[in-house]
Amino acid sequence: MVKDFMFFLFLLLPNIAFSSSGSCSNTALSDYLMYEDNIIVSFKVINSQFSDNNFIEIEITKEFYSKKIENINIKIDTENGFGPMLSTFEKNIEWLTVISKFKDSYIIAGCAPMLIIENETVIGDTGIDILTKIDKPVSVQMFDLALNAFQQGISLADKVCKSSNSYCTERATYDIKTGTLSHLLTHNS
């Protein structure tokens with residue numbers, strides 16, 4: 001039981017568990033690529049209830065970088081206390097955030113940014129440096145391409161570090177603030 005609770009807590013707070021500051025106020029969507037149980041999605045709320053049993057039913061409009069979700073209609077009935085209240089997700093708005101699968105249900109990932117998609121444009125900071133630096137609106141298609149490139153870069157760096165000929169001593173990481181990929185060629189002593 002305690003083991004399940006700790007795993008559940010880890011899914012909710014991956015960036016608190018591994019951040020040096022212990023705060024997730026500046027957690028970017030791209031940070032969630034490092035943990036395989038996290039899924040970046042866009043969705044619309046199709047049904048909700050906020051009385052005795054809070055829940056939202058969502059329709060996934062796009063699953064980014066992975067194909068883990070079998071059914072596009074999902075009921076989320078767990079508020080984790082660290083993320084947004086489910087009532088935050090209003091109907092008639094397309095949302096972009098992170099969900100995590102825990103056993104047979106889904107939750108909104110703790111500390112995940114909640115961005116809005118309006119007219120096929122992502123509103124808010126995606127955490128992907130190249131998209132932050134351009135001086136034009138970020139389309140959903142541009143976000144998808146940048147997210148896939150970012151994820152492939154992290155995966156390839158990690159694969160190199162796991163090879164038998166590698167000098168890496170740790171898993172590859174990417175510092176979003178400095179744009180530095182590290183631990184790729186850390187010399188093994």
Side-chain angles (χ1 to χ4, degrees), residues 10-44 60-69 80 82-84 88-89 93-101 106-163 166-187:
F10 174 75
L11 286 176
L12 294 175
L13 304 169
N15 294 301
I16 288 176
F18 294 106
S19 74
S20 58
S21 67
S23 169
C24 61
S25 62
N26 294 323
T27 305
L29 280 174
S30 55
D31 292 345
Y32 287 85
L33 289 172
M34 300 297 283
Y35 310 97
E36 73 179 50
D37 289 329
N38 293 323
I39 309 165
I40 299 175
V41 296
S42 60
F43 66 86
K44 291 184 179 182
I60 304 293
T61 53
K62 180 149 182 66
E63 180 180 351
F64 296 90
Y65 84 89
S66 66
K67 301 289 182 225
K68 297 179 183 178
I69 299 175
N80 58 39
F82 298 99
T88 303
F89 297 99
I93 294 176
E94 188 170 8
W95 296 94
L96 177 64
T97 194
V98 180
I99 61 174
S100 296
K101 188 166 187 176
Y106 289 91
I107 59 172
I108 304 294
C111 302
M114 303 177 315
L115 305 180
I116 293 175
I117 296 176
E118 193 173 274
N119 299 323
E120 292 294 311
T121 302
V122 177
I123 311 297
D125 185 10
T126 63
I128 300 176
D129 196 41
I130 191 73
L131 296 178
T132 304
K133 290 182 178 179
I134 61 173
D135 249 359
K136 62 182 186 175
V138 175
S139 69
V140 171
Q141 182 181 14
M142 193 182 309
F143 172 74
D144 191 22
L145 289 170
L147 191 65
N148 275 305
F150 184 87
Q151 192 274 336
Q152 287 174 13
I154 294 295
S155 293
L156 288 173
D158 199 40
K159 185 184 262 185
V160 167
C161 283
K162 289 179 181 175
S163 74
S166 174
Y167 290 102
C168 299
T169 58
E170 298 180 37
R171 183 172 188 220
T173 60
Y174 179 77
D175 184 342
I176 195 88
K177 293 176 184 150
T178 64
T180 304
L181 182 63
S182 62
H183 300 300
L184 181 58
L185 294 175
T186 304
H187 188 273

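When reading the values below, keep in mind they use all heavy atoms of this one structure, side chains included, and skip hydrogens, waters and symmetry mates.
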Trainee: Atom CG in Asp37, atom CD1 in Ile107: separation rounded to 0.5 Å?
Mentor: 9.5 Å
Trainee: Should the ring pair Trp95 and Phe89 be called parallel, tilted or perpendicular, given that the plane angle runs from 0 to 90° and is split at 30 and 60?
Mentor: perpendicular
Trainee: Taking only residues two or more places apart in sequence, or in another chain, which ones meet Ile69 in a side chain to side chain contact (heavy atoms under 4.5 Å, CB included)?
Mentor: Ile39, Val41, Ile60, Glu63, Ile74, Ile99, Tyr106
Trainee: Residues two or more places apart in sequence or in another chain: which of them pass side chain to side chain contact (heavy atoms under 4.5 Å, CB included) with Thr132?
Mentor: Asp125
Trainee: For residues 107-124, which residue pairs pass the side-chain hydrogen bond (donor to acceptor under 3.5 Å, both in side chains) check, not counting sequence neighbours?
Mentor: none
Trainee: Kindly compute the distance separating CD1 (Ile128) from CE (Met142), expressed to the nearest 0.5 Å.
Mentor: 11.5 Å
Trainee: Given Phe150 and Asp129, is the side chain to side chain contact (heavy atoms under 4.5 Å, CB included) satisfied, shown in steps?
Mentor: CA-CA 10 Å; Phe150 184 87; Asp129 196 41; over 6 Å; no
Trainee: Give, for atom CZ of Phe143 and atom CG of Leu115, the distance between the pair rounded to the nearest 0.5 Å.
Mentor: 7.5 Å
Trainee: In terms of heavy-atom contacts, does CG of Leu145 have more than 12 from other residues, nucleotides or ligands at under 6.0 Å?
Mentor: yes
Trainee: Quick check for you: to the nearest 0.5 Å, what is the distance between Ile123 atom CD1 and Ile116 atom CD1?
Mentor: 7.5 Å
Trainee: Counting N and O atoms only, with roles assigned by atom type, does the side chain of Asp144 sit under 3.5 Å from a partner on the main chain of Val140, one being a donor and the other an acceptor?
Mentor: no
Trainee: Examine distances only and state if a side-chain atom of Thr61 and a backbone atom of Ser42 form a donor-acceptor pair shorter than 3.5 Å.
Mentor: yes
Trainee: With no hydrogens and no angle check, is any side-chain donor or acceptor of Tyr32 less than 3.5 Å from a backbone partner on Ala112?
Mentor: yes
